[in-house]
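What's counted below: heavy atoms across the whole structure, side chains too, no hydrogens, waters or symmetry copies.
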Amino acid sequence: MPNRIPWTERTFSFDFPADLFAELIERLRGTPARIEEIARPLPAKVLTRRDGAAWSIQENIGHLADLEPLFAGRLDDYRAGVEKLRPADMTNRKTHEANHNARPIEEVLLGFRTRRERHVARLESLAPNDFARSAIHPRLQIPMRVVDMMLFHAEHDDYHLARIRALIRQYGGEGMRK
């Protein structure tokens with residue numbers, strides 16, 4: 001595996017206009033399709049194979065679904081005008097306990113798609129000025145607007161998509177069919 005900056009060590013600079021919310025909604029909307037395209041052709045043995053203690057492809061997908069309630073909750077935080085956003089569970093207990101590998105891949109994919117579609121629908125219901133609302137991100141300790149949270153969320157998606165692609169290459173799963 002190539003060296004990667006761990007997610008928890010990444011930093012972000014949110015210096016773009018809040019008017020870019022529509023493009024970020026589209027990026028978030030597209031993640032389920034991207035994941036489905038990658039995962040569906042793979043056999044279960046590739047999808048559920050772990051790299052030591054690291055998550056399998058299927059667990060990475062399940063993790064993205066597991067985090068959707070956090071992002072929905074943070075939207076609630078913005079709406080409530082809180083000073084600091086709710087924190088993530090940095091132990092990822094929900095993903096570790098979910099046993100995503102024991103479920104059929106279609107169930108994992110549908111769970112992610114359903115949760116993400118609800119999240120995108122909420123974003124689409126916001127007024128343009130709502131995307132500039134701000135609160136402190138608990139780990140980064142910087143102000144984060146709604147539109148910044150959307151970029152953070154999309155970057156997290158891509159972080160796990162890159163990990164999934166690396167696992168496919170590692171296991172020789174590229175181009176495999178069920």
Side-chain angles (χ1 to χ4, degrees), residues 1-14 23-75 87-123 137 139-140 144 147-178:
M1 289 291 189
N3 290 335
R4 298 176 66 207
I5 298 170
W7 178 255
T8 56
E9 294 176 19
R10 291 191 60 188
T11 58
F12 297 85
S13 175
F14 302 117
E23 289 85 348
L24 287 166
I25 289 173
E26 287 307 314
R27 190 168 163 195
L28 292 168
R29 181 192 325 272
T31 302
R34 292 167 60 203
I35 286 177
E36 290 164 4
E37 181 180 314
I38 293 168
R40 281 201 171 114
L42 299 173
K45 67 181 180 182
V46 171
L47 288 165
T48 59
R49 184 174 173 186
R50 297 189 98 202
D51 179 18
W55 292 331
S56 68
I57 292 167
Q58 196 155 306
E59 288 167 321
N60 274 275
I61 297 166
H63 172 68
L64 294 176
D66 293 339
L67 287 182
E68 287 299 299
L70 170 65
F71 292 106
R74 286 180 173 171
L75 280 177
D89 171 12
M90 299 308 291
T91 69
N92 292 307
R93 182 180 55 83
K94 189 172 185 177
T95 301
H96 289 293
E97 294 176 356
N99 200 13
H100 292 296
N101 282 341
R103 298 168 42 216
I105 187 59
E106 287 301 324
E107 183 180 311
V108 176
L109 293 171
L110 180 61
F112 176 57
R113 177 176 281 284
T114 301
R115 287 178 174 178
R116 178 55 61 90
E117 286 174 351
R118 276 194 302 253
H119 186 80
V120 166
R122 284 190 69 192
L123 291 169
H137 185 276
R139 179 174 61 84
L140 299 174
M144 184 181 275
V147 71
D148 301 330
M149 183 198 58
M150 293 164 61
L151 176 64
F152 185 81
H153 195 74
E155 288 291 313
H156 184 259
D157 288 350
D158 289 348
Y159 180 86
H160 284 280
L161 280 161
R163 175 67 179 144
I164 288 166
R165 291 275 189 200
L167 287 169
I168 292 169
R169 285 190 300 277
Q170 180 179 336
Y171 301 150
E174 201 70 71
M176 293 183 76
R177 299 286 173 207
K178 291 185 179 178

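- Looking at Arg27 and Asp157, no side-chain N of the basic residue comes within less than 4.0 Å of a carboxylate O on the acidic one, giving no salt bridge.
- Results of the side chain to side chain contact (heavy atoms under 4.5 Å, CB included) test with Ile105 over Leu47, Leu110, Leu42 single out Leu47 as the only residue that passes.
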Worksheet item: Given Leu70 and Asp89, is the side-chain contact (heavy atoms from CB on, under 4.5 Å) satisfied, shown in steps?
Response: CA-CA 9 Å; Leu70 170 65; Asp89 171 12; over 6 Å; no

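- Shown here for Asp51 and Tyr171, the closest heavy-atom pair between the two residues is N-OH, 3.2 Å.
- The shortest distance between side-chain heavy atoms of His63 and Glu59 does not fall below 4.5 Å.
- Counting heavy-atom neighbours within 6.0 Å of Arg139 CZ, excluding the residue itself, gives a total above 12.
- Partner of His160 under the side chain to side chain contact (heavy atoms under 4.5 Å, CB included) criterion, chosen from Ile35, Ile57, Thr31, Leu64: Leu64.
- Considering Lys94, His153, Arg115, His156 in turn, His156 is the only one that fulfils the side chain to side chain contact (heavy atoms under 4.5 Å, CB included) rule with Leu67.
- Within the model, atoms CG of Asp158 and CZ of Arg34 stand 4.5 Å from one another, a figure rounded to the nearest 0.5 Å.
- Here CH2 of Trp55 is found 12.5 Å from CD1 of Ile61. Values are rounded to the nearest 0.5 Å.
- Counting only N and O atoms by type, the side chains of Asp148 and His137 include no donor and acceptor under 3.5 Å apart.
- Classification of Arg29 and Glu26 as a salt-bridged pair holds, one side-chain N sitting under 4.0 Å from a carboxylate O.
- Ser56 places a side-chain heavy atom less than 4.5 Å from the side chain of Arg50.
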Item to complete: May I have the step-by-step check of side-chain contact (heavy atoms from CB on, under 4.5 Å) for Leu28 and Met150, ending in yes or no?
Response: CA-CA 8 Å; Leu28 292 168; Met150 293 164 61; 4.0 Å; yes

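- The pair Glu155-Arg10 counts as a salt bridge, with a side-chain nitrogen and a carboxylate oxygen less than 4.0 angstrom apart.
- Here Trp7 contributes atom CH2 and Asn92 contributes atom CG; the two are 12.0 Å apart, rounded to the nearest 0.5 Å.
- Of the possible donor and acceptor atoms, one in the side chain of Gln58 sits under 3.5 Å from a partner among the backbone N and O of Arg103.
- With His100 as reference, Asp66 is the one residue of Asp66, Thr95, Asn60, Thr48 to meet the side-chain hydrogen bond (donor to acceptor under 3.5 Å, both in side chains) rule.
- A pairwise comparison of heavy atoms in Arg122 and Ala72 identifies NH1-O, 3.0 Å as the closest pair.
- Within 6.0 Å of CD on Glu97 lie more than 12 heavy atoms contributed by other residues, nucleotides or ligands.
- A donor-acceptor pair under 3.5 Å links the side-chain atoms of Arg4 to the main chain of Tyr159, judged by distance alone.
- Phe71 and His119 have perpendicular rings, their planes meeting at more than 60° on a 0 to 90° scale where under 30° would count as parallel.
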